[in-house]
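Read through the structure below, which is laid out as C-alpha cells, and then see the notes.
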Amino acid sequence: MNKHFQPQEVEREIYAEWEKSGTFQADSSSPYPAFSMVIPPPNVTGVLHLGHAWNHTLQDILARYHRMRGKDVLWLPGTDHAGIATQTRVEKMLMQENGQSRHDIGRTAFVEKVWEWKDKYGSAITEQIRRLGDSVDWSRERFTMDEGLSQAVRTVFVELYQKGLIYRGNRIINWCSRCGTALSDIEVEHIELPGKLYHIRYPLKDGSGEVVIATTRPETFFADVAVAVHPNDERYSSLIGKTVILPLSGREIPILADPIVDREYGTGCVKITPAHDPNDFEVGLRHQLPQLQCIGSDGKLNELAMEFAGRNALEARQDVVDVLRKQGYLLHVTDIVHAVGHCSRCSTVVDPLLSLQWFVRMQNLADPALQFVHRGELQFVPARFEKVFVHWLENVKDWCISRQLWWGHRIPAWYCDDCGGTTVQLEDATCCGHCKSTHIHQDEDVLDTWFSSALWPFSTLGWPDTDTPDYQKYYPTSVLVTAYDIIFFWVARMVFMGLEFTGQMPFQTVVLHGLIRDSEGRKMSKSLGNGVDPIEIIEQYGADTLRFCLATGTSPGNDQRFSMEKIEGSRNFMNKLWNAARFVRMNLSDSFQARTIEWDKLDIADRWILHRLAKANKSAQRLLEEFEFGEAARVLYDFAWDDFCDWYIEMAKISLYGESIVDKERVQTVLYEVLQQLLQMLHPFIPFITEEIWSYLPQRNGQLLVASDWPQIQQAWIDDTCDTLMGSIQEAIRSVRNIRSERNIPPSREISLLIRPLSVEAMERFQQGQYYIQKLCHASQLENKMDIEPPSQAIALAVSGAEIFIPLAGLIDLAAEKNRLEQEKRRWQQEIERIDKKFSNPNFLARAPQEVVEAEKIKREDYEARLSAVEERLRAVAAMEQ
RNA sequence: GCGGCUGUAGCUCAGAGGGAGAGCACCACCUUGACACGGUGGGGGUCACAGGUUCGAUUCCUGUCAGCCGCACCA
C-alpha cells in the first residue's frame with residue numbers, strides 16, 4: 001500500500017467492477033425483502049451540482065446499508081425531460097449555429113433536434129452519477145419521455161379527463177412572456193419590489209363628482225369593466241349602482257359592491273380588470289362582468305389601448321400615466337412596496353393573463369392525500385415538514401398543466417373543426433369522437449414536466465401494467481429522499497397521483513434534506529458565481545472525501561454550508577483510515593488467516609476495542625434506521641480516529657513489537673477483525689476507499705466489500721465494566737502526559753511511575769493496564785503497590801482510585817508544586833460542593849431516580865478520595881519547605 | 001397576516017432533563033518504526049434574553065429580541 005490513497009487512479013476501475021459484479025441490480029425473483037427508492041430525476045440537460053451530490057450521497061448510504069443488511073435493493077436511476085430548460089437550450093444552440101428559430105424549422109424537425117441533443121448530451125449527468133459512486137440499478141434506468149412513461153402520462157391524462165378531474169377553461173394564469181408559456185402558481189416567485197400606487201379619477205356619469213381608484217398597473221385600465229367598493233363602506237354606499245366614465249376611452253362602467261375590497265388600502269375603491277388580475281377575475285365571475293383584454297400573450301397592448309396599441313405594456317406605462325396627468329385624471333402617485341411575480345426559471349416579471357388552458361381540478365385529489373397523511377400513512381423526516389405539506393394541500397388551487405412548448409408530452413386532445421367537440425383518448429385520434437369528422441387537429445401544447453414526474457415512482461416500475469414483477473415487488477417504494485424545496489413541486493404531486501392511480505402512498509417515508517450554501521451562507525447560484533463543481537472536488541480529492549464531507553454536514557432538514565476547509569477535514573479522515581489500514585496490513589503476513597476471537601484469552605485493550613466496536617455498530621445502525629446520516633457518520637469517525645487509531649493501535653504496538661508470539665497473534669486477530677468491520681460499516685459512506693483497502697486484506701480472494709454483509713452486533717463483546725476500566729487507565733495516561741507537557745519533559749526522557757492504589761481492587765485494575773500506562777507515558781519503570789512510600793522529590797497526581805507519583809529528583813519547584821496542588825484542591829472541593837448542594841435538597845433524595853442518586857454518591861467518594869490525597873501531598877510539600 | 005427554522009468556543013456546527021462537545025483556527029512541545037492530510041498537551045463558552053414546569057433546565061413550555069425561510073395578500 002502507498003503512503004497515501006490515490007482516488008483518481010482507482011475510482012473508475014472500482015465502479016466498473018461493481019457494475020460488472022451485478023451487485024447494484026435488483027432481483028425481483030429473489031426471496032429477500034425489497035428496499036426500493038427512485039432517484040429524484042435530474043434534468044437531462046443538467047450538470048451535477050452539489051445539491052445532487054448531497055442528495056445522492058444520502059440515498060447511496062441507504063442503498064448500500066440496506067443491501068449489506070440483506071435486502072433486495074432497487075435504487076432506480078433516470079432523468080426528466082425538463083420541458084422549458086431543454087427547449088430553451090436547444091433553441092439557443094440552433095440560433096447560434098444556424099441563426100434559426102424553432103419556428104423556422106418547424107415542430108417536427110425541432111423535436112427531432114432536441115432528441116439528437118438529448119442523445120448526445122443526456123448521458124453527461126448519468127456519467128457524473130457514476131463518478132459519485134451511486135449504487136443505482138442501471139439496467140432499470142428511465143427517462144420521462146420513454147415509451148412506457150409516456151404511455152403512463154397519457155393514461156393518467158385520459159382517466160383524469162374522463163373523471164372530470166382535468167378540464168380546459170379560460171382562467172387567469174401566470175404568463176411568462178420570455179418563455180412564451182403559461183406557468184403553474186408555484187413556478188412564480190414573488191419578490192418584494194418598490195413600486196408606485198397611481199391614484200386616478202374616474203368621473204361619475206351623472207356629473208355629480210368622481211371616484212378615485214388606486215392602482216399599480218395603470219396601463220391595464222383600458223380593460224376595466226367595473227369599479228368596486230366594500231359593501232359596508234359608508235363613504236361610498238351612495239355610489240353603488242352608479243356609473244363612471246373611463247378616462248380617455250369614455251367607456252361606461254358600473255360601480256358595484258364586493259366584500260373582497262379592502263377599505264384600508266388605497267382609496268378603498270378598486271378598478272376591476274378581470275382579464276388581468278386573479279382577484280378581479282373572481283369578482284368578474286360573481287358579477288357576470290365581461291372579460292376585456294388589453295394586453296396580449298406577447299406582453300403588448302392591443303387595440304383596446306388605442307394609441308398605445310402594439311407597445312410593450314410595461315414600457316408604455318409611463319406614457320399612459322403622462323397622458324392621464326395631462327388630461328387631469330391623475331390625482332397623485334405614492335411609493336409602495338409590493339410583491340411582484342417573477343418567472344422562477346428566467347426571472348421575467350409574469351403577467352396574470354386570461355387564457356385558455358388545461359387544468360387539474362385539485363380538490364378531489366388533495367382530499368384523499370390529506371386523509372392518508374392524517375392517518376399517518378406517510379412518515380415525514382423530519383416530522384415538521386408534514387405541516388408544510390398539509391398546509392399547502394389544504395389551500396391548493398387548480399393546477400395549470402398546459403405549456404406552450406414543443407418539447408414534452410403533447411396533450412392527447414383533438415378538436416373538431418366541424419362540430420367543435422373535444423376528443424381525449426389514449427390512441428392518436430383519426431376522427432372526432434362526437435361527429436366522426438376527420439377534420440380534427442391536436443392540441444398544440446405539451447404537459448408540465450412535473451405532470452410526468454408526479455408518476456415517476458410507479459411509471460418507472462411498469463405502471464399502468466400492474467402485473468410486472470417490478471411493480472409487484474418494489475411498489476410502493478420504501479423511502480424517498482429529496483430536498484425540501486420541492487415538497488410542492490414533486491412530493492405532493494407524487495402523493496396525490498399515487499393515491500389516485502395506485503390506491504397507495506408511493507413511498508412509506510419521505511426524507512427531506514436542506515440546501516447547500518456557500519461558506520458565507522449564501523445560496524449557490526450562477527449569478528453570484530459561488531457555485532462549486534462537485535466533479536472538480538472529486539477529481540482533486542476523490543468521491544469519498546466529498547461524500548463524507550456532505551454526510552457529516554447533514555443535520556435533519558437543515559441547510560449546510562460548504563467550504564474547502566471542511567473538504568480538507570474529510571480528506572484527512574480518508575488519509576487516517578488509509579494509514580490505519582496500512583499499519584494493520586504491514587503487520588499481517590500475506591498468509592494471515594483470520595482466527596475466531598477467543599474472548600477469554602483477550603487482553604483488556606482487546607476487549608475494550610471490541611466493546612467500542614460493538615457499541616459503534618449499534619449506534620450506527622440505530623442512527624441509520626432513523627435517517628440521522630450526520631450522526632451516524634460522526635459515530636464511525638470518532639470510533640475510527642479516537643478509539644481505534646489513537647488508543648488501540650498504539651496499545652497494540654506493545655504486543656506487535658514484543659517477544660510473545662501468542663500476544664502478537666492475538667493482537668493481529670483483533671486488529672484484523674476491527675478493521676474489517678470498520679470498513680464494512682464505513683462502506684455505505686465512503687465506498688471507494690473502503691473497497692480499495694478491502695482488496696489489500698489477505699485472504700480476500702477477489703470477494704468485493706460491496707457484496708459483503710453488515711457486521712453482526714456481538715452482544716458478548718459489550719462490556720461496560722471494561723469500558724470504565726479503560727477509562728481510568730486512559731485518565732492516568734493523560735494525567736502523566738499532561739505533567740510531562742507542563743514541565744517540558746521531552747518524550748525522549750524516560751521517567752519512572754509509582755502508582756499507589758487506594759484498594760486491592762484498584763491495584764488489580766491498574767495491573768491490567770500497567771504496560772499500556774508505561775508505554776504510552778514513555779516510562780522506563782512502573783511500580784504498582786499499595787505500600788509505596790513516595791519520594792520527596794516527586795510530582796503527585798490524584799486519579800480515580802489511585803495516586804501516581806513521578807519522581808523527579810532535582811526538578812521539583814516546591815512553590816510551583818504547591819500552587820498546582822492548591823488548584824487541584826479547589827477543583828475537587830468545588831465538585832464536592834456541587835454534589836453536596838444536591839444532597840442537601842431533601843427533594844432530590846426523595847424524587848430523583850435512585851440510579852442518579854447512587855451515581856452522585858459514587859462520584860462524591862471518588863472526589864473525596866482525590867481531595868484527601870491532594871491535601872496529604874500538600875502537607876508533605878509544606879513539610880519539605882521547612 | 002399564517003407557518004416554520006436558527007441563535008452553544010474566534011469560525012462552521014453537533015448534542016442531550018443530572019459534571020459544556022467536535023472539526024477548523026490558535027498556543028506549546030514532538031522528524032516516537034501507519035499517517036506532519038500526523039502525534040501529545042493546552043487556552044477559550046453565565047449554551048441570545050425573560051419568565052414557567054421540574055428535586056434539577058443549556059436541553060421541555062411560554063413570551064421577547066435577532067437572523068433566515070416558506071405560504072397567502074397586496075388594487
Rounded distance in Å - [atom1] ([X]) to [atom2] ([N]):
X	N	atom1	atom2	result
A:Glu192	B:G70	CD	C1'	13 Å
A:Arg749	B:C30	CZ	C1'	16 Å
A:Arg743	B:G41	CZ	P	17 Å
A:Gln540	B:C37	CD	C1'	13 Å

State whether [X] places a side-chain N or O below 4.0 Å from either non-bridging phosphate oxygen (OP1 or OP2) of [N].
X	N	answer
A:Tyr637	B:A14	no
A:Arg561	B:C13	yes
A:Asn744	B:G41	no

Would you mind classifying the nucleic acid contact of [X] as base, sugar-phosphate or nothing, using non-hydrogen atoms under 4.0 angstrom?
X	value
A:Lys566	sugar-phosphate
A:Asn587	nothing
A:Lys397	sugar-phosphate
A:Arg384	sugar-phosphate
A:Ala846	nothing

Q. Which nucleotide in the set B:A34, B:C5, B:U54 lies at the smallest distance from any side-chain heavy atom of A:Arg847?
A. B:U54

Which whole number of Å gives the distance between the [atom1] atom of [N] and that of [M]?
N	M	atom1	value
B:G41	B:G4	P	46 Å
B:C61	B:G23	P	30 Å
B:C37	B:C69	P	39 Å

Q. Going by atom types alone, do A:Tyr484 and A:Asp559 pair a side-chain donor with an acceptor below 3.5 Å?
A. yes

Q) Can A:Asn575 and A:His4 be counted as having a side-chain donor-acceptor contact under 3.5 angstrom? A) yes

Q.
Among A:Ile191, A:Val188, A:Val350, A:Asn174, which residue satisfies the side chain to side chain contact (heavy atoms under 4.5 Å, CB included) criterion with A:His342?
A. A:Ile191

Q. Do A:Lys576 side-chain and B:C35 base share a donor-acceptor contact under 3.5 Å?
A. yes

Q.
Can you tell me whether the side chain of A:Glu628 and the base of B:A14 have a donor-acceptor pair closer than 3.5 Å?
A. no

Q: On the 0 to 90° scale, with breaks at 30° and 60°, tag the A:Phe488-A:Trp392 ring pair as parallel, tilted or perpendicular.
A: parallel

(Q) Using every non-hydrogen atom in the two residues, find where A:Leu324 and A:Phe221 come nearest and quote the distance to one decimal. (A) CD2-CZ, 4.1 Å

